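In what follows, a structure is listed as structure tokens, so that the remarks can point back to it.
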Amino acid sequence: AAQPQSLAFRQPAIGQLLQLTRMGHAAGLRRALDRLAATDDASVVASCNVVRSLLDRFELGVLENALMENERVASPD
């Protein structure tokens, strides 16, 4: 399988998702993903699907690491 933890979000979305992840706020994460996925940016939609699958498995630690890596490589706006 491809690297499942490769995400393509941009700020401020990354920070919001990290905060919700660290709170363990699954419902808030799902609402944020629904909002973010309403875009024609295929990489963001794909990232939303990756996060949803991690949420479905309650892999919040994996999700937090993936978001931190996304934050590290995201170009500042």
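Quick caveat: nothing in here was measured; it's all calculated off a predicted structure. Nothing fancy with the numbering, it's 1 onward along the sequence.
Legend: salt bridge (charged side-chain N to carboxylate O under 4.0 Å, His left out) pairs involving residues 41-54, not counting sequence neighbours, sorted by first then second residue: Arg10-Asp41, Asp34-Arg52.
Atom CZ of residue Phe9 and atom SG of residue Cys48 lie 4.0 Å apart, to the nearest 0.5 angstrom. Note that CD of Glu59 is 8.0 Å distant from OG of Ser53, once rounded to the nearest 0.5 Å. Summarising the geometry, atom CG belonging to Leu7 is positioned 7.0 Å from atom CG belonging to Leu63; distances are rounded to the nearest 0.5 Å. Interatomic distance, CG of Asn70 versus CD1 of Ile14, reported as 4.0 Å (0.5 Å rounding).
A search for side-chain hydrogen bond (donor to acceptor under 3.5 Å, both in side chains) contacts involving Asp56 returns Arg30, not counting sequence neighbours.
Two residues are said to be in side-chain contact when any heavy atoms from C-beta on lie closer than 4.5 Å; Leu33 and Asn49 fail this criterion.
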Counting only pairs under 3.5 Å, give me each side-chain donor-acceptor contact of residues 15-29, with atom names and distances, residues two or more places apart or in other chains.
{"residue": "Thr21", "atom": "OG1", "partner": "Leu17", "partner atom": "O", "Å": "2.7"}
{"residue": "Arg22", "atom": "NE", "partner": "Glu64", "partner atom": "OE2", "Å": "2.7"}
{"residue": "Arg22", "atom": "NH2", "partner": "Glu64", "partner atom": "OE2", "Å": "3.4"}
{"residue": "His25", "atom": "ND1", "partner": "Gly28", "partner atom": "N", "Å": "3.0"}

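Hydrophobic clustering (side-chain heavy atoms under 4.5 Å, transitive across Ile, Leu, Val, Met, Phe, Trp, Tyr) keeps Val50 apart from Phe58. A continuous path of hydrophobic side-chain contacts links Leu36 to Leu60 [ILVMFWY only; heavy atoms under 4.5 Å].
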